[in-house]
Colleague: 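Before we start, here is the structure in question, set down as structure tokens.
We count ligands from 1, going down the list as the structure has it; atoms in each ligand are counted the same way. Values below: every heavy atom of this structure, side chains too, minus hydrogens, waters and symmetry copies. Position 1 is the first residue of the sequence, and the numbers go up from there.
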Amino acid sequence: MANSNPEIKYTQIFINNEFVNAVSGKTFPTINPSAGKKIVDVAEGDKADVDLAVKAAKAAFDRKAPWRQMDATARAKLIYKLIGLMERDLHYLANLESLDNGKPFNNAVYDVYGSIAALRYSAEWADKITGDTVPSDGPHLTYTRKEPVGVVGQIIPWNYPMLMLAWKWGPALATGCTVVMKPAEQTPLTALYLCSLVKEAGFPAGVVNVVPGYGPTAGHAISVHPDVRKVAFTGSVEIGKIIMAEAAGTLKKVSLELGGKSPLVICDDADVEEAAKIAYAGVFENMGQCCIAATRTFVQEGIYDAFVKKATELAKTRKVGCPFAQDTQHGPQVDETQFKKILGYIEKGKKEGAKLETGGVQEGKEGYFIQPTVFSNVTDEMTIAKEEIFGPVQSIIKFKTLDEVIERANATNFGLAAGIVTKSLNNALVFSNAVEAGSVWVNTYLAVAVQAPFGGYKQSGIGREMGKEGIELYLETKTVSIRLPTKV
Ligand code: ADP
């Protein structure tokens, strides 16, 4: 059940299956975005703590360590055990997430289920990762082995703290890697509680380590550490570039899941009401704090006015309020920085000539709530049509032909997701083949599935998470050739 005051049990760094203070003794506050007030102080990890965490993860990855000696099925069983504990503590985890992140409790419950799905999907791979036998030239038996990369650094954002953790832990653990993770400084609490479940599930010490702290300190220490063989990052393009540069010094493998400015194209033949609902969910989900948010809603001229009317009506019905209230659909933005940034974008939208149809201001007086906002008459050159806002702002843009809108949809450095709403199979096929995006949705949106690869074209990222490709991210391929007897 929803409870706005869950007991906070873990606030320390997790290394070697123990909760410890930061070497520096420093802490930082994590804030409740609904009230703008501190929840609790959390240990602030830095280079010294990352060094200890990597040491533990490296020892756990030693070829003679229990984790490396374990059957793949035993690794999977540990993940299933963790899933069972998450199911047991489902509501507690959801409450903790709502408190720290601000998302409505019901959405947080959904996130726990999504996290479980990602872990289960990954666990099922554990004993199905196989190499090939290769018909090589010469008298050799040649085969490939798929081996875990080693110690992996994982740096995650605050918008889906548990989900992003599961998307990264799942493949790493299923393949037999060991983990040093840094949760976002805004939302460390669920990651730390999940560490207690890792221990309870019986994972060997050092397999999972979590160091809360800030990006330029703890995050940087992970990205440059010589014993971290891969870094997996989800977050902004700006920080993704920094991490890639940081990782270059030790030539780490890098996977990046970055931002987007995703186009959703609504064609004249669409049912306006249905299309408006798809667009509404696509942009306002998680208070717009979604890398795949449909932030450029392109609507064909024949239904443009009717669509704007419907979209505005829908946005007005969205129930903004306390994340723990049963009927709340929309909570606060995650912190003051984001809150101010989004309001800044809204001001820019107005100044540059977009028409504010609804919203545009803070909701209430406390916390970081922003009313669902709809702009019409948006044009491609406006800042709100070009930059990632990461807030509840819908920009409705007019187009004439499919050909033209494909060019405009692709005229961006991003390429994470795209969608089209149409009754025409031809439109759907032409668009989905031509649009430069890692995920394309037809007559739906946000249809992310753990079984399918997810990631970005262009500056929206490198690599694909989840699906088979997501497992591959954590594997090295080794070719072994054995000389065959030449006489029988
Ligand atoms: P957002 O814009 O969603 O807040 P960021 O890209 O700023 O996302 O942050 C995502 C994650 O990257 C967070 O865990 C943050 O602490 C971390 N981070 C920020 N700067 C760095 C850095 N220089 N090196 C490594 N990690 C960083």
Colleague: Cation-pi check for Phe14 against Lys199: NZ or CZ below 6.0 Å from the six-membered ring centre and within 45 degrees of the axis, yes or no?
Modeller: no
Colleague: For ligand 1, which atoms sit closer than 4.0 Å to a heavy atom of His220?
Modeller: 24 (N), 25 (C)
Colleague: Quick one: does any side-chain atom of Trp125 pair with a main-chain N or O of Ala76 as donor and acceptor, under 3.5 Å?
Modeller: no
Colleague: Find all atoms of ligand 1 within a distance of less than 4.0 Å from any non-hydrogen atom belonging to Ile243, and give their numbers and elements.
Modeller: 24 (N), 25 (C), 26 (N)
Colleague: Backbone, side chain, both or neither: what part of Glu185 comes under 4.0 angstrom of ligand 1, heavy atoms only?
Modeller: side chain
Colleague: Any N or O on Gln186 sitting closer than 3.5 Å to an N or O of ligand 1?
Modeller: no
Colleague: May I ask you to check whether Phe233 has an N/O atom sitting below 3.5 Å from an N/O atom of ligand 1?
Modeller: no
Colleague: In ligand 1, which numbered atoms sit nearer than 4.0 Å to a non-hydrogen atom of Gly219?
Modeller: 24 (N), 25 (C), 26 (N)
Colleague: For the pair Thr317 (side chain) and Leu314 (backbone), establish whether a donor and an acceptor sit closer than 3.5 Å, ignoring hydrogens and angles.
Modeller: yes
Colleague: Should the proximity of Ile156 to ligand 1, defined as any heavy atom under 4.0 Å, be assigned to the side chain, the backbone, both, or neither?
Modeller: backbone
Colleague: May I ask you to test the Lys261-Lys386 pair for a side-chain heavy-atom distance under 4.5 Å?
Modeller: no
Colleague: Using side-chain contact (heavy atoms from CB on, under 4.5 Å) as the criterion, point out the one residue from Ile462, Val254, Leu256 that pairs with Phe233.
Modeller: Leu256
Colleague: Closer than 4.0 angstrom: is that true for some heavy atom of Glu246 and an atom of ligand 1?
Modeller: yes
Colleague: Counting both backbone and side chain atoms, is some N or O of Tyr214 under 3.5 Å from an N or O of ligand 1?
Modeller: no
Colleague: For atom 4 (O) of ligand 1, what is the nearest protein heavy atom, given as residue, atom name and distance?
Modeller: Trp158 NE1, 2.7 Å
Colleague: Are Arg68 and Phe61 in a cation-pi setup, meaning NZ or CZ lies under 6.0 angstrom from the ring centre and within 45 degrees of the ring axis?
Modeller: yes
Colleague: Assess the residue pair Tyr160 and Trp167 against the criterion (ring pair (Phe, Tyr, Trp, His ring centres under 6.0 Å)); give the C-alpha distance rounded to whole Å, side-chain angles, the decisive distance to 0.1 Å, and a yes or no.
Modeller: CA-CA 10 Å; Tyr160 291 94; Trp167 275 40; 9.3 Å; no
Colleague: Assess, by modelled atom type and distance only, whether the side chains of Thr30 and Asp100 contain a donor and an acceptor separated by less than 3.5 Å.
Modeller: yes
Colleague: Which heavy atom of the protein is the closest neighbour of atom 7 (O) of ligand 1, given with residue, atom name and distance?
Modeller: Ile239 CG1, 3.6 Å
Colleague: Do Lys103 and Gln289 get their side chains close enough for a donor-acceptor pair, meaning under 3.5 Å?
Modeller: no
Colleague: Find all atoms of ligand 1 within a distance of less than 4.0 Å from any non-hydrogen atom belonging to Gly235, and give their numbers and elements.
Modeller: 6 (O)
Colleague: Under 3.5 Å, N or O to N or O, is Ser236 touching ligand 1 that way?
Modeller: yes
